[in-house]
Amino acid sequence: NAGVMQNPRHLVRRRGQEARLRCSPMKGHSHVYWYRQLPEEGLKFMVYLQKENIIDESGMPKERFSAEFPKEGPSILRIQQVVRGDSAAYFCASSRDRADQPQHFGDGTRLSIL
Amino acid sequence: DQQVKQNSPSLSVQEGRISILNCDYTNSMFDYFLWYKKYPAEGPTFLISISSIKDKNEDGRFTVFLNKSAKHLSLHIVPSQPGDSAVYFCAARREGGSEKLVFGKGTKLTVNP
């Protein structure tokens with residue numbers, strides 16, 4: 001499967017715990033985007049990363065959220081001390097380079113906070 | 001502030017007829033527009049796109065029209081098939097931006113056999 005791979009598909013956490021969401025881009029893609037979808041809403045941009053660099057994090061909440069895309073391995077979206085309002089579907093997309101469109105999406109991680 | 005608006009949450013169409021999904025935007029800096037289709041529990045799948053230098057793009061049963069002066073685009077599906085039933089998202093990218101996409105809230109299309 002050469003598509004964008006996200007894991008886990010479902011993640012359940014209790015309030016105050018940490019959530020780690022992983023994204024492996026398509027083969028040959030070095031640009032990764034994270035989006036969040038709340039119920040009955042569209043996807044909202046969170047962060048755009050290139051290998052080892054954060055290009056645009058204008059959609060990231062200022063606290064508790066961080067993202068990385070190391071030289072080796074998947075991109076990680078990390079949410080510390082989760083709260084109920086973090087419950088959402090988190091989607092990752094990738095592209096070959098900055099000008100490459102369209103972005104190709106994974107099937108998402110559905111995060112539920114108890 | 002909703003920069004990309006899909007004002008119809010749902011649309012129901014008979015199989016074989018035309019489906020028209022609408023999208024309005026407010027930011028005149030948007031230069032590239034995309035339509036994605038999404039099934040439940042899956043990620044969005046790219047359907048068709050259009051650059052702001054064009055007013056029409058066609059791919060098989062799918063055609064996207066862009067009216068820059070009205071800041072409006074539409075997706076036409078003809079003929080509609082039951083397998084087209086899904087949520088359709090309009091998305092836009094800003095010229096000179098970081099390539100992030102701005103999405104509408106989606107329109108749920110139901111094609112009845």
Side-chain angles (χ1 to χ4, degrees), chain A residues 1 3-10 21 23-26 29-50 53-60 67 88-112, chain B residues 1-10 21-27 30-54 57 59 62 64 75 86-108:
Chain A
N1 187 346
V4 178
M5 301 301 292
Q6 290 188 249
N7 69 82
R9 290 295 310 277
H10 301 274
L21 289 63
C23 170
S24 296
M26 285 180 69
H29 287 192
S30 60
H31 295 242
V32 164
Y33 313 79
W34 286 92
Y35 294 83
R36 176 166 66 175
Q37 185 184 23
L38 296 170
E40 309 302 323
E41 296 283 327
L43 282 72
K44 294 273 195 318
F45 168 78
M46 299 182 75
V47 62
Y48 164 33
L49 309 104
Q50 198 183 350
N53 289 307
I54 295 175
I55 308 299
D56 180 354
E57 56 182 346
S58 59
M60 286 278 270
Y90 291 82
F91 291 96
C92 170
S94 73
S95 65
R96 186 173 297 106
D97 54 44
R98 189 176 185 124
D100 181 35
Q101 290 287 350
Q103 295 172 16
H104 298 271
F105 283 81
D107 283 338
T109 293
R110 274 138 192 92
L111 176 64
S112 298
Chain B
D1 177 34
Q2 193 75 15
Q3 297 186 67
V4 177
K5 298 177 185 177
Q6 294 178 256
N7 292 318
S8 298
S10 62
L21 296 98
N22 294 304
C23 178
D24 298 292
Y25 61 96
T26 58
N27 191 336
F30 287 145
D31 70 340
Y32 191 78
F33 303 89
L34 307 90
W35 284 93
Y36 282 86
K37 173 181 178 180
K38 186 180 180 305
Y39 293 117
E42 293 185 11
T45 302
F46 170 72
L47 261 182
I48 192 168
S49 61
I50 189 166
S51 165
S52 60
I53 61 173
K54 295 186 175 181
N57 188 27
D59 183 3
F62 302 92
V64 56
L75 174 68
V87 177
Y88 288 78
F89 290 99
C90 171
R93 184 193 70 186
R94 189 174 68 86
E95 181 182 12
S98 70
E99 315 311 318
K100 67 183 180 187
L101 297 177
V102 180
F103 282 83
K105 289 189 176 183
T107 296
K108 183 176 182 179

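Each chain gets a letter, A, B and so on, in the order its sequence line appears, and its residues count up from 1.
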Point to revise | Part of B:Tyr39 lying under 4.5 Å from any heavy atom of chain A | key: neither

Point to revise | Which portion of B:Leu101 sits near chain A, non-hydrogen atoms under 4.5 angstrom | key: both

Exercise for review: Evaluate the criterion side chain to side chain contact (heavy atoms under 4.5 Å, CB included) for residue pair A:Gln103 and B:Lys100; output intermediate values, then yes/no.
Suggested key: CA-CA 9 Å; A:Gln103 295 172 16; B:Lys100 67 183 180 187; 5.8 Å; no

Review point. Say you draw a straight line from NZ of B:Lys105 to CG of A:Leu43; how long is it, rounded to the nearest 0.5 Å?
Key: 13.0 Å

Revision key, fill the gap. Output for pair (B:Lys108 NZ, A:Glu40 CD), nearest 0.5 Å, gives 9.0 Å

Exercise for review: Would you confirm whether the ring centroid of B:Phe46 sits within less than 6.0 angstrom of the ring centroid of A:Phe105?
Suggested key: no

Revision key, fill the gap. Separation between NZ (B:Lys38) and CZ (A:Phe91), nearest 0.5 Å, reads 4.0 Å

Point to revise | Gap between atom OH of B:Tyr36 and atom NE2 of A:His104 - 0.5 Å precision | key: 7.5 Å

Practice item. Would you indicate whether the side-chain heavy atoms of A:Tyr35 and B:Pro44 approach each other to under 4.5 Å? Key: no

